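Data block below; observations after.
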Protein chains: 4
Amino acid sequence: MSRAPNAARRSESSRRAILTATAELCSEDGYGRLTIEAIATRAGVSKKTIYRWWPSKGAVVLELLDEAASVAVDPPDTGDLATDLRALLTEVIGLLTPPHNSPAIGLIAEALHDPDLARDLRERLIQPRIATFKERLRRAQETGQLPPDADLDVALDLLYGPLYHRMALHLGMPDSSHLDSLIAHVLRALTPPPSAGVPEQRRESQTGVS
Amino acid sequence: MSRAPNAARRSESSRRAILTATAELCSEDGYGRLTIEAIATRAGVSKKTIYRWWPSKGAVVLELLDEAASVAVDPPDTGDLATDLRALLTEVIGLLTPPHNSPAIGLIAEALHDPDLARDLRERLIQPRIATFKERLRRAQETGQLPPDADLDVALDLLYGPLYHRMALHLGMPDSSHLDSLIAHVLRALTPPPSAGVPEQRRESQTGVS
Amino acid sequence: MSRAPNAARRSESSRRAILTATAELCSEDGYGRLTIEAIATRAGVSKKTIYRWWPSKGAVVLELLDEAASVAVDPPDTGDLATDLRALLTEVIGLLTPPHNSPAIGLIAEALHDPDLARDLRERLIQPRIATFKERLRRAQETGQLPPDADLDVALDLLYGPLYHRMALHLGMPDSSHLDSLIAHVLRALTPPPSAGVPEQRRESQTGVS
Amino acid sequence: MSRAPNAARRSESSRRAILTATAELCSEDGYGRLTIEAIATRAGVSKKTIYRWWPSKGAVVLELLDEAASVAVDPPDTGDLATDLRALLTEVIGLLTPPHNSPAIGLIAEALHDPDLARDLRERLIQPRIATFKERLRRAQETGQLPPDADLDVALDLLYGPLYHRMALHLGMPDSSHLDSLIAHVLRALTPPPSAGVPEQRRESQTGVS
DNA sequence: ACGTAACCGAGACGGTACGTCTGGTCTTCAA
DNA sequence: TTGAAGACCAGACGTACCGTCTCGGTTACGT
């Protein structure tokens with residue numbers, strides 16, 4: 001019969017101390033070494049206070065990333081699709097490229113056997129970015145940079161997929177030219193079978209990249 | 001100054017018991033609940049014996065998968081590229097689709113913060129499959145199903161990437177039609193910009209898929 | 001510099017609720033399981049309110065016993081000393097014989113490492129009873145049932161001592177015949193060394209018992 | 001399904017370290033401040049190791065006292081009963097008179113709400129001393145210092161009772177003259193109603209005390 | 001009569017210690 | 001002289017209460 005704590009009376013200073021301590025410890029020792037005990041000690045906070053507001057250390061880190069992300073709800077829009085996709089992918093590459101032991105990677109690892117955390121991760125971090133991504137593609141359809149019937153879900157898979165693939169298998173994130181090549185391939189895949197002048201349009205947008 | 005154990009005197013029956021126990025426990029409780037202690041108890045083996053031959057529980061599971069995989073070194077070759085890619089991807093989908101709590105997923109999760117395990121995983125399980133995959137693409141180039149300058153690394157990223165993407169974010173494995181669509185898109189991406197009869201060839205291979 | 005609360009404004013209903021809840025919890029789970037938190041919850045009272053008026057859970061229980069005790073200030077006096085001593089001892093036996101987990105015993109246990117509580121316990125529960133006990137013996141001296149120079153402190157020790165001895169070591173409270181025997185021995189101890197007809201006097205008083 | 005640990009393989013050095021640490025902490029901070037955690041830390045031992053062999057901190061302290069006691073199985077026997085009783089009682093007074101925060105008192109307090117510990121305490125510490133005490137009285141009966149039908153259980157109650165009474169109520173241990181007086185009274189109580197030369201014998205023993 | 005002091009409920013907070021768990025190492029003993 | 005059995009150190013886990021502390025709301029006194 002554990003009743004929910006009263007969020008109104010929550011101590012913001014404790015919350016801040018916890019997130020700060022988590023960030024520090026995470027960058028010092030890596031997500032793997034991160035411990036609720038250590039967070040509590042570093043933050044000068046009772047373990048109970050952490051457990052009161054978060055179900056697991058993963059949830060704390062998720063909130064940390066959530067804050068840090070400060071999601072740009074509006075997608076970048078320079079007018080050139082490839083450039084904007086590059087920007088979006090580069091942000092994710094940043095999250096998945098550990099200087100040491102990335103919190104994002106740790107979070108994904110933990111979510112792999114914690115369905116609750118997985119759901120939170122998806123809802124709070126991933127879905128907003130997916131929406132942003134699709135919004136940009138939708139604009140591209142409006143401007144004719146992409147055909148109106150292009151499958152945006154496939155685009156999502158093809159563009160983000162490689163990053164997770166490489167993360168999961170420790171294959172190294174794509175460098176700048178890999179990235180350009182990937183984007184070019186995917187844009188080509190999304191264009192309709194060659195019939196008329198559509199390809200020219202695509203080529204124009206690619207030209208804009210260089 | 002820990003001396004290496006003498007592999008020649010290793011007890012094969014212990015090894016078998018350990019792997020069997022690991023398999024059982026893994027399918028009963030899932031990788032997450034798996035414990036060296038539990039393996040030792042179930043296998044009737046000392047913990048020391050496990051630590052003597054494997055550095056971590058991940059390594060045990062890796063060996064388990066390695067055996068079970070008995071990789072078909074030769075790629076499938078029905079003559080139709082899309083069909084064969086489908087077969088290759090479907091195998092991976094099987095590994096990444098947990099009936100319960102897949103050992104493969106657990107292994108990937110653990111490898112995310114264990115570089116040694118990651119290396120072993122890559123060398124023993126992943127690279128052989130990548131080689132097989134590329135071998136099939138190379139044959140496709142020889143038969144003209146793919147252009148000779150197609151970037152096989154990009155193909156790898158685009159085809160396997162989506163699976164890991166979906167695994168990592170719990171988005172659900174692609175179903176049959178998703179898969180067809182992905183393969184079709186990727187094959188289109190790999191063909192050169194429309195100039196000659198190549199597109200026809202591609203369309204043929206797509207027809208073969210349906 | 002915590003100022004003393006104003007007793008005049010104290011809420012009697014809270015006090016009652018706290019004592020009632022304490023009594024219930026004590027009889028349900030025993031003194032050992034009793035916690036301030038549980039009392040507060042059961043009584044529908046803030047923990048602060050308890051701490052405002054009592055220094056410890058022991059103090060609450062002490063007040064509970066104090067109320068329940070409703071000390072008979074006047075000692076029993078049937079005219080027969082042994083009978084009256086029996087009555088006095090029987091009351092204490094009742095307190096120290098747990099049907100379950102006696103609050104009195106719990107209180108004594110806690111007082112063993114809480115000097116403040118020990119003092120309160122002595123002053124509020126014990127001393128009045130000792131005074132009553134001695135008052136009865138004094139009357140016995142006046143009526144000649146005890147010699148005028150009988151050592152009343154020794155009598156106290158000899159009569160109550162066995163009860164605490166048995167409580168402390170879980171030896172079981174004396175039954176009816178033990179009790180008679182104890183009283184008889186102690187009365188004999190208090191009589192002066194045999195010189196004249198004194199023994200007869202004692203025997204008379206014993207006869208009065210039947 | 002917790003299997004019992006194998007006592008044969010128990011580490012004597014750990015056991016010693018634990019008991020030593022317990023003794024130190026007990027005399028430094030008192031029984032009340034004693035903590036399993038602190039014992040483990042001080043002893044350089046895992047908490048698990050303590051819990052493996054003892055059910056509670058009380059049990060550890062009990063074993064400590066048990067060792068320290070190294071009970072003299074043979075009762076003192078100077079030939080004078082009162083003198084020997086004095087010696088026996090003085091030993092107990094020593095245990096129950098805290099220089100600070102006596103382990104024995106803490107143990108008794110804990111046993112008051114821990115029946116298992118109470119049983120152990122009785123069997124390992126108390127009963128042997130009771131047996132020793134009664135053995136001395138039995139010899140006194142043989143030498144005629146006590147009547148053959150003296151009730152030894154009553155003697156036990158009357159002699160040890162006062163000590164526990166005073167301990168429980170923080171009344172202060174009896175000083176030397178109190179003690180003499182108590183013993184004298186009890187010996188008188190154990191002698192039969194005056195009829196023959198017995199009193200002389202008693203008086204002799206009393207003389208021996210002074 | 002009305003401001004204000006202080007009690008009240010509620011419960012979040014920093015802490016301490018609990019007893020359990022798992023990981024990896026070290027010791028013992030039987031074959 | 002190996003290897004099964006398992007005790008050991010280490011320390012994080014999540015829980016239970018502790019006693020302190022705000023926070024509004026509500027008496028009830030004192031001016």
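Sequence lines set the chain letters: A, B, ... in the order given, protein chains first and strands last, and positions in each chain run from 1. A quick note: this is a predicted structure, and the numbers were derived from the prediction, not measured.
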- Exercise: identify the closest heavy-atom pair between C/A21 and C/R42: CB-CG, 3.4 Å
- Task: For F/dA4, take OP1 and OP2 only and decide whether either is under 4.0 Å from a side-chain N or O of B/S14.
- Result: yes
- Query: Whole Å only: how far is the CD1 atom of C/I50 from the P atom of E/dG9?
  - Reply: 9 Å
- Task: Check whether any side-chain nitrogen or oxygen of A/R52 sits under 4.0 Å from OP1 or OP2 of E/dC13, and answer yes or no.
- Result: yes
- Task: May I have the distance from B/I18 (atom CD1) to F/dA5 (atom C1'), rounded to whole angstrom?
- Result: 14 Å
- Item | Separation of E/dG9 C1' from C/R42 CZ (nearest whole Å) | 18 Å
- Is A/R10 atom CZ crowded by more than 12 heavy atoms from other residues, nucleotides or ligands, each under 6.0 Å away? yes
- Query: Could you give the CH2-to-P distance, from D/W54 to E/dC18, as a whole number of Å?
  - Reply: 15 Å
- Message: Counting only side-chain heavy atoms from C-beta out, which of F/dC8, E/dC13, E/dA10 sits nearest to A/W53?
- Response: E/dC13
- Any idea which of E/dG11, F/dC13, E/dC21 is nearest the D/K48 side chain? E/dC21
- Query: Are D/L62 and D/W54 close enough that some pair of their side-chain heavy atoms sits under 4.5 Å apart?
  - Reply: no
- Task: Using heavy atoms to find the nearest nucleotide of DNA chain E for C/S46 and A/A43 separately, return the residue whose nucleotide is more 5′.
- Result: C/S46
- Rounded off to whole Å, could you give me the CZ-to-P distance for the A/R15 and E/dC13 pair? 12 Å
- Message: Of the listed nucleotides (F/dT20, F/dA7, E/dC13), which one gets closest to any side-chain atom of A/S11?
- Response: E/dC13
- Message: I want to confirm an ordering. Mapping A/A38 and D/N6 to their closest nucleotides on DNA chain F, which one lands closer to the 5' end?
- Response: D/N6
- Item | Among F/dT15, F/dC17, F/dC8, the one nearest D/T49 by side-chain distance | F/dC8
- Task: Would you kindly give the CD-to-P distance between D/E37 and E/dT20, to the nearest whole Å?
- Result: 13 Å
- Report the distance from atom CD1 of A/I39 to atom P of F/dG14, rounded to the nearest whole Å. 11 Å
- Item | Base E/dG24 to side chain B/K47, donor-acceptor N/O within 3.5 Å cut-off | yes
- Query: Is there a donor and acceptor pair, one atom on the side chain of C/R9 and one on the base of E/dC7, closer than 3.5 Å?
  - Reply: no
- Looking at CG of D/L125 and CD of D/E63, how far apart are the two atoms once the value is rounded to the nearest 0.5 Å? 10.5 Å
- Mapping D/E12 and C/T35 onto DNA chain F by nearest heavy atom, which one lands closer to the 5' end? D/E12
- Message: Between P on F/dA4 and OH on B/Y51, what's the gap in Å once rounded to a whole number?
- Response: 15 Å
- Query: Is NZ or CZ of C/R9 both nearer than 6.0 Å to the six-membered ring centre of C/W53 and within 45° of the ring axis?
  - Reply: no
